[in-house]
Amino acid sequence: MSDLLQGLNPAQRRAVEAISGPVLVLAGPGSGKTRVLTHRIAHLIQTAGVDPLNLLAVTFTNRAAREMRERLTTLVGKGVAMALTVGTFHSLCARFLRRDIVYLERARDFVIYDSDDQERLVRRMLHDLNLDVKQYQPRSILSRISSAKNELVSPTEFSRINRGYRDEVVARCYQRYQVLLREANALDFDDLLVETVRLFEQHPTVLAHYQQRYHYMLVDEYQDTNRVQYVLVQQLAAQRRNLFVVGDEDQSVYGFRGADVRNIRSFEQDYPEAQVILLEQNYRSTQAILDTAQAVISADAGRKHVKQLWTENSAGIHVALYKGYDQEAEAAFVADEIVQLVASGTFTMRDCAVLYRTNAQSRALEEAFSRRGLRYQIIGGIRFWERKEVKDVLAYLRFAANPFDSVSLTRILNWPTRGIGERTEIELARWAAQLGVPLFQALKELDNEHAASPFSARTINILRSFLCLTEELNAACRQLPLVQFIAHLLERVPVRETLVREYKTNEADERWRNVEELSNVANRYSALPLEEQLPTFLEEVALVADVDKLDQMADAVTCITLHQAKGLEYPAVFLVGLEDGLVPHSRSLDQRDQLEEERRLLYVGMTRAKQRLYLCHAGRRMSFGHTATTIRSRFLEDIPPALIKSPMRQRAVAAVPQLGIAGRNSGTATNREVARASVVAMPPTKPSAANTVPARLPQKPRVVTFFAGQRVAHTRFGEGVVVSSRLIDGDEEVTVSFTDRERRLLAELAGLVRVEA
DNA sequence: GACCAGCCGTTTTTT
DNA sequence: ACGGCTGGTC
């Protein structure tokens, strides 16, 4: 028997051992899904003798891919782990295209446009098409185009099936947008997938190559696949049908980008011979957290596969519900509570995470944390690669690598300002269109004597020297290693001086540091062959998500959106802004399916917590510059009141974290409040190897009311016998032996009653 | 073409 | 409340 199966429950074991054929694993949160995936891969390699080169694993984030490789390194060794193909759909497709794009008769040094690049392109396009940017918002047009692409609807098909005038405009934009992308030798995120599907469709030999190479395919977070990804999976797995997908309908939260739960729901129809395995045991959360999360998700009427999650973990303490006066009070509570948790010695800062719906909510937290000197890391928001100065320098790199990239060209044309304004830019574009050549080609034509250019002598001079610069950079990027090329670029282009001129001293310094950081990152690509350094660097810059850089070792509180938190877990989790309008988000209120997605999002957030879960909301919140009163999230109403507790804010307690609080408060506070206060008021015990159990029980004012041997009754589980009882943070946890098995329950919460023998 | 003042949108969520 | 953009002026 392989070591790999040790410590797995029967369901996990079946999933790991299933050698061939399609397998659908429906995995609840915290059910050891990641473990199953990695152990299965290791098992295939070690027991079934599968060559790691024949394995393809698709993860949801690059971070998950990296972690999977790390785990596999410890299981099967580095060489084997590196031989395996792991990545996100996007990075895998980029890799496939780089290798095989010659079949699409296009250069393999395509650039990947991010949403900012897309928007610039669309703005220019709207201008060319004489369309009003106000009336046809680039964002909304792009989102229409994106969903068309995700559904594999081509521009031609789109114009055939569209309805109404607006759609006609979108159809024209879609058509033109694709032309512009191709002219720029650029692919957007969706193109990476769509073009790969097309490549496989039109060149069966290419598809056959991958089908033969990858004997086994594993896909994580299958509920989040959209149509293109679904088709890709079908294509790649069609030959061998050794497809192993893992997912959870209840955690489907990417509908807005085309994810379709039907993909996972119809798996059994797509593969009638499929094995279906349910992972229902939760190893992550306390019973109290799991019960509360279940209460929220159970109210979702549309569920198909209903899993019965259970856990053997301790009951834990109640989920806390906190209402702050406004967002500052909410943030202050979170910050103070984290201080308390850390002071108690049971939690470190890296154990704590704050989850919110929108990135904008991080600001109040940031302020509260820095005021208290709490270290924190904010994931998401304005990403490093999206900062203006970084993108500007990046544009030089991209343009040097691919002169067809017109978005980058227009970006650097007058940055640093060299006397080329909007008018010249438009003239240049018009002239290029007239000559029927790409923008950069039009620049070259300036040297051509008989080309009658529309520019003044002064402008021509400026444009010539700009052309000279870019040609020189273009040559340099092919000859120099990436790091040296960037150094060279920063010599030739006065980036620092420009930043100093554009911003106040402090901000200029900050921005210059970001530029320097860019060259630091570039350093990591030094080991690659010279001609691969720049393209690889640019590709990873485009595809790396913020959550990929999450530093789990940093001793800092993590602040992150609910979406990005998927797949992560923390001992203590704070969910903030649980108000109608945020969770569920106001844009989702009018549509049933979107509303249910918001519910699942909350469920995802709640199930990140291992030991402590705080549900927070504010009575008033400032948004769009003015304050409005709020209603707490409708989803909170689905939680039975018995499952949650409202912690009292005890500022005096926070200031004096010592014993004796109960006595001081006893005059005014009720017993319940005293009990809670003592939870908050634990003396700061330093964790030490000698004293692993925190000394906290002696100060509890409450005593156990159940004793071993007593007969008790529970509404759901029936009659049982008490095995033991103990106090945890003022809550009595009773272990009861029922007819089927032992369960740990919170006496107060479970409504346990003693019965006469 | 550069500079300044006032205005407007921002806030869903992401590869 | 803020930062980026627009439109006006020099």
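Proteins get letters first, then strands, A, B, ... in listed order; numbering begins at 1 in each.
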Check the distance between dT15(B)'s P and E540(A)'s CD and give it to me in whole angstrom. 15 Å

Do the side chains of D191(A) and Y113(A) get nearer than 4.5 Å, heavy atoms only? no

Touch class at under 4.0 angstrom, heavy-atom based, for Y254(A) against every strand present: sugar-phosphate

Separation of atom CD in Q118(A) from atom P in dT15(B), rounded to whole Å: 14 Å

Members of residues 357-367 of chain A that approach DNA chain B, where some heavy atom sits under 4.0 Å away: R357(A), T358(A), N359(A), A360(A)

Would you kindly compare N414(A) and L601(A) by the position of their nearest DNA chain B nucleotide and give the one closer to the 5′ end? N414(A)

Check the distance between dT15(B)'s C1' and L92(A)'s CG and give it to me in whole angstrom. 12 Å

From dG1(B), dA2(B), dT14(B), nucleotide with atom closest to R458(A) side chain: dG1(B)

Starting at atom CG of L193(A), determine the distance to atom P of dT15(B), rounded to an integer number of angstrom. 13 Å

The criterion is side-chain contact (heavy atoms from CB on, under 4.5 Å); which residues satisfy it with Q594(A), sequence neighbours excluded? S588(A), Q591(A)

Of the candidates dG4(C), dT15(B), dA2(B), the side chain of H90(A) sits closest to dT15(B)

Quick check on DNA chain B: between T61(A) and S586(A), whose nearest nucleotide comes earlier from the 5' end? S586(A)

Just say parallel, tilted or perpendicular for the rings of Y210(A) and F200(A), cut-offs at 30° and 60°. tilted

Give a yes/no on whether any side-chain N or O of T561(A) is located under 4.0 angstrom from OP1 or OP2 of dT14(B). yes

Rounded to whole Å, please give me the gap between CZ in F256(A) and P in dT15(B). 9 Å

Run the salt-bridge test on R592(A) and E596(A) with the 4.0 Å N-O cut-off and return the result as yes or no. yes

side-chain contact (heavy atoms from CB on, under 4.5 Å) filter on E427(A), not counting sequence neighbours, yields R430(A), P454(A), F455(A)

Could you check how far CE of M622(A) sits from P of dC2(C), rounded to whole Å? 9 Å

With C1' as the reference atom in both, quote the distance from dC2(C) to dT13(B) in angstrom, rounded to an integer. 23 Å

Rounded to whole angstrom units, what separation is found between the CD atom of E221(A) and the P atom of dT15(B)? 13 Å

Quiz question: by atom type and distance under 3.5 Å, do the side chains of E221(A) and Y254(A) form a donor-acceptor pair? no

What nucleic acid atoms does Q564(A) come within less than 4.0 Å of, heavy atoms only: base, sugar-phosphate, or nothing? sugar-phosphate

Let me confirm one number: the CZ-CG distance from R387(A) to N514(A), rounded to the nearest 0.5 Å. 5.0 Å

By the 4.0 Å heavy-atom rule, please label T424(A) as base, sugar-phosphate, or nothing. sugar-phosphate

Figure out the CG/C1' separation between L582(A) and dT13(B), and round it to whole Å. 12 Å

